[in-house]
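Proteins get letters first, then strands, A, B, ... in listed order; numbering begins at 1 in each.
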Amino acid sequence: MDPVLQDIYSTIIPSAPFIIAAYALLWAALLIYVIISVRSLKKSEAQLAVLEETVASLKAQRAAAPTAEGAVSAQQAASEKAAEAAAPKIAE
Amino acid sequence: MAQQNRQRLALKHPSTFAQYRTLLSKDLRQEFRTKEMVTSMGIFAVLVIIVYGAALALTAQSIDIASMSGGLIWALIVFTSLTGLNRSFSHEKEQGCLEGILLVPLDRSVIYLAKATSNFIFLALVEVIAVPLFMFFFMTTVPFAPTFGMIVWPLLLGTIGMAGVGTMLATITANTRSRDVLLAVLFIPLIYPLLYACVTATTAAILGSAQWMDLYTMPLVMAAGYDVIMLLACWVLYGFAVSA
Amino acid sequence: MADSQKKKRPVPEAGQWPDKLLVPVLVAGVVLTTVGFLMAFLYAAPVDGAEVNGFQLIGSKLVTHRQLLSQKIFYFHMPVAIVSFVMLIAAAYYAIRFLASKNQRYDTCSRVAMEISLLFVIGTMITGDLWTRFEWGVWWTWDPRLTTYLILMLIVIAYFVMRNSVDDPERRATYGAVISIIAFIDVPICMMVTRLIPTSIHPVVVRQNGMAPDMTITVMVCLVGMLCVAYGLYRLRFRTVRIEERVEALKEQLEEE
Amino acid sequence: MADELAIQARHLVKAFGTRRAVDDISLNVPRGAFLAIFGPNGAGKTTLLRMLATLSRPSSGTLAIEGVDAREHADQARDRIGLISHQPMVYPDLSAEENLLLYARLYGVADPEARVRELLDQVGLLHRRLDPVRTFSRGMTQRVAIARALVHDPDIVLLDEPYSGLDPHAVDVFDQLIDQIRPGHTFVMVSHDLRKGFSLCTHALVMARGHVVTADSKDALDFDAFERLYRETVGMGVA
């Protein structure tokens, strides 16, 4: 190998590991981040599905048979009335 | 119903400066009575100097202590101001007094200015004791450069900046869980530019070499710029932080 | 991809047009970055390093300098750094929007933008530090650029330390907004201070005195690619956080039933 | 009718994200009334009171205090409000007089020294005015807190569970003071103590989970009916 040519390319080999390490680590960091966020997305989506099922079933069950215990909607109506009532009553 | 409008007390809204003075005198009177903050900061400064003593005892003669003393002084000031800032809001939090003051119809930024000024005064008081003490312990062998007196300016600008930014961060971290570590974690990165500028300026003043000016004036200008920008930002943002 | 399922369950403030862009943008980002990566090594000419005593005719060009491979890190280093700043600016923008409107959605945007900013700052530190290791043979020097990024990383970490130590959501959001605005103001100052104050030890290495056209194109490609990747990650994380909040709200509602 | 009202709130909401601490509450409190607010923990009573005291901003809805919009002109509204909370909001290291002087000067009271002397005499602490509040008992500190809340002669006095931590004697002294300042002032009190609150109030309001459950003026119902109503509404809400 011609010495000048050797000198020209002398820094290539020693710098190679650093470059590879740089790109590899950067790519690894991005990959890990994507994996973590996708996994937590899946987990929370599953939780969301479960919760929405229970809410839907509760609503369906409540609509079907408004028992004494399930008087939330009734109580809701009461507070609406009360809220309206509050306004004029207090302001006599 | 009740008698309509009873004779109400005359309220003359005080000027912002009057409110600032009232709040500041409250802080000073409270500190003068308990002397809690100044003593705790003073003792902490002495302890830091003792740690320096252990750290530099062997090498003090061989190395050129003068070139490092700028940095050592500022490290001392940063950590001392941290201990002080941590306690600056303890009185307000203790009995819920901050809400008492928030109930008064005054501009939130006046609270900030009053508290920042009182923190500045306490920090400056401790520096007036700690810096000469440091010099007594470490710099007796160092010949006094003609420009030595000039270290006053970076000290002044640095203390203003630290009191300003520190008061804002102390308000934020006052009612959080890991209070003192959180204040340090927030304070030191945010104060870094000011610290870097002041250390360079102080070291240039202490060494007083021939062309010391170019290592002195630029950092001083940067420190002044930092102070102005940061105090303005804290002034504007304080309303949100304190009444959150 | 799971994208179709996402459409079925409407999530507050997610799933509108920004999310429809999610997949194409993410794909574009990946494609562009790989193209940029290849261009960096194949298309862009290596940069001249130190003088070589003598010359050599390679191909059509007379070469008189050492050809540097280490400079190739730069093609990803700069875009990643720019993206981390873009994300910091976005976080500060949403913080101001939050303080003005106290709408929790902006707090979530600001927080996710800070997260992505932290990710890219860590990326910048990795590539920058390795480049320093090779160029100056030392793992860390208090070089202006490296210290600025170290400070930026510490501030963003402090932002998240603060967020976990405050429980009341509104206070956490307000404090978060205030800190991200102060950080947004602090970082440029830090950049200026570390550059303008003449450090006696290391002469500031002027890295690029003007880039050859081929290098500029490569950097641009990488930059656009990185921006797309950042946007994709942002929307992905934003959707996740919004779903988590919705889950929290549903749980609370169920408790009361 | 509007100027008759001390406090007028329309659809007040305090929410963060999807969690609503106070959910669409409307109130009309006439001048001179004494409104007692009851409800289980976490019903949003204190949040509502803090909104009335302009310490926290409502997410939506309008609030007018003595005819002044509390969001736009918060400062004017604050002149008219005094808050007594279970935290005394006085500096322990300063003396009773210094504390009151501090607030008197901040509010801009015409002759602070005279006003402070008059108040201290009214709460019976004139002889202890130079001692730091740190040396005071819980009852005496509460009386300093009352004096602090009244230093600028507010029209509306807000009370946030003022009886917590007071011994019976201190409670009697507290009631006595409330009666003294009663004429011409409007009161809003948040309390757990049904019997005490009911005896003092002219209007009662029960809250559960951010909503107004029942609201009535006192003469419309006697205490037992009210207690049954409270058990029933609050019980049902929590079940």
Side-chain angles (χ1 to χ4, degrees), chain A residues 1-62 67 69-73 75-76, chain C residues 2 5-6 9 11 26 33 37 40-41 46 49-50 52-56 58 63-73 76-77 80 115-116 119-120 122-124 126-131 133-135 229 232-233 236-237 239-247 249-251 253-254 256-257:
Chain A
M1 257 275 268
D2 166 354
V4 172
L5 198 63
Q6 203 175 5
D7 192 359
I8 286 174
Y9 291 120
S10 63
T11 61
I12 302 290
I13 310 305
S15 69
F18 293 101
I19 297 153
I20 298 162
Y23 280 105
L25 279 173
L26 184 64
W27 190 74
L30 284 172
L31 194 66
I32 293 165
Y33 186 75
V34 167
I35 290 170
I36 293 172
S37 55
V38 165
R39 195 140 37 87
S40 64
L41 175 66
K42 287 284 168 284
K43 188 166 64 65
S44 45
E45 265 185 352
Q47 265 179 343
L48 187 68
V50 164
L51 279 168
E52 289 209 328
E53 255 80 42
T54 38
V55 167
S57 63
L58 260 173
K59 284 237 167 16
Q61 175 227 345
R62 182 139 307 124
T67 56
E69 169 268 333
V72 166
S73 47
Q75 183 252 346
Q76 208 71 21
Chain C
Q5 286 158 344
K6 271 185 227 133
R9 272 188 295 285
V11 162
L26 210 57
T33 33
F37 176 77
F41 284 92
V52 167
N53 42 34
F55 59 88
Q56 190 60 36
I58 304 165
V63 174
T64 57
H65 291 271
R66 273 201 202 127
Q67 297 307 299
L68 287 180
L69 188 67
S70 63
Q71 190 266 345
K72 298 296 180 191
I73 297 180
F76 261 39
H77 179 63
V80 166
E115 228 173 79
I116 310 280
L119 174 71
F120 278 91
I122 293 171
T124 322
I126 295 170
T127 48
D129 208 39
L130 283 165
W131 189 78
R133 174 69 183 84
F134 182 73
E135 274 302 302
V229 166
L233 288 179
L236 191 66
R237 275 298 291 160
R239 164 177 289 282
T240 316
V241 172
R242 289 309 280 183
I243 289 182
E244 273 157 20
E245 276 151 18
R246 190 162 163 70
V247 162
L250 281 175
K251 267 193 207 140
Q253 214 180 351
L254 278 178
E256 285 152 17
E257 293 309 316

Can you name the closest pair of heavy atoms from [X] and [Y] and give their distance?
X: C/L130; Y: A/A21; answer: CD1-C, 3.7 Å
X: A/A22; Y: C/I126; answer: O-CG2, 4.4 Å
X: C/T240; Y: A/S40; answer: CG2-OG, 3.4 Å

Residue list, side-chain hydrogen bond (donor to acceptor under 3.5 Å, both in side chains) with C/E115, at least two apart or on another chain: A/Y33, C/R237
Contacting moiety of C/V241, where chain A heavy atoms sit under 4.5 Å: neither
Partner of A/S44 under side-chain contact (heavy atoms from CB on, under 4.5 Å), chosen from C/E244, C/R246, C/R239: C/E244
Rounded distance [0.5 Å steps], CG in A/L25 versus CD1 in C/I122: 12.0 Å
Interatomic spacing from CD1 in C/I243 to NZ in A/K42 - rounded to 0.5 Å: 8.5 Å
Side-chain heavy atoms of C/L233 within contact of A/L30, under 4.5 Å: yes
Which atoms of A/Y23 approach chain C - backbone, side chain, both or neither, heavy atom under 4.5 Å: side chain
Option that, when pairs with chain C are counted at under 4.5 Å, heavy atom only, ranks first among A/P17, A/A29, A/S37: A/S37
Salt bridge (charged side-chain N to carboxylate O under 4.0 Å, His left out) partners of C/E245, counting only residues at least two apart: C/R242
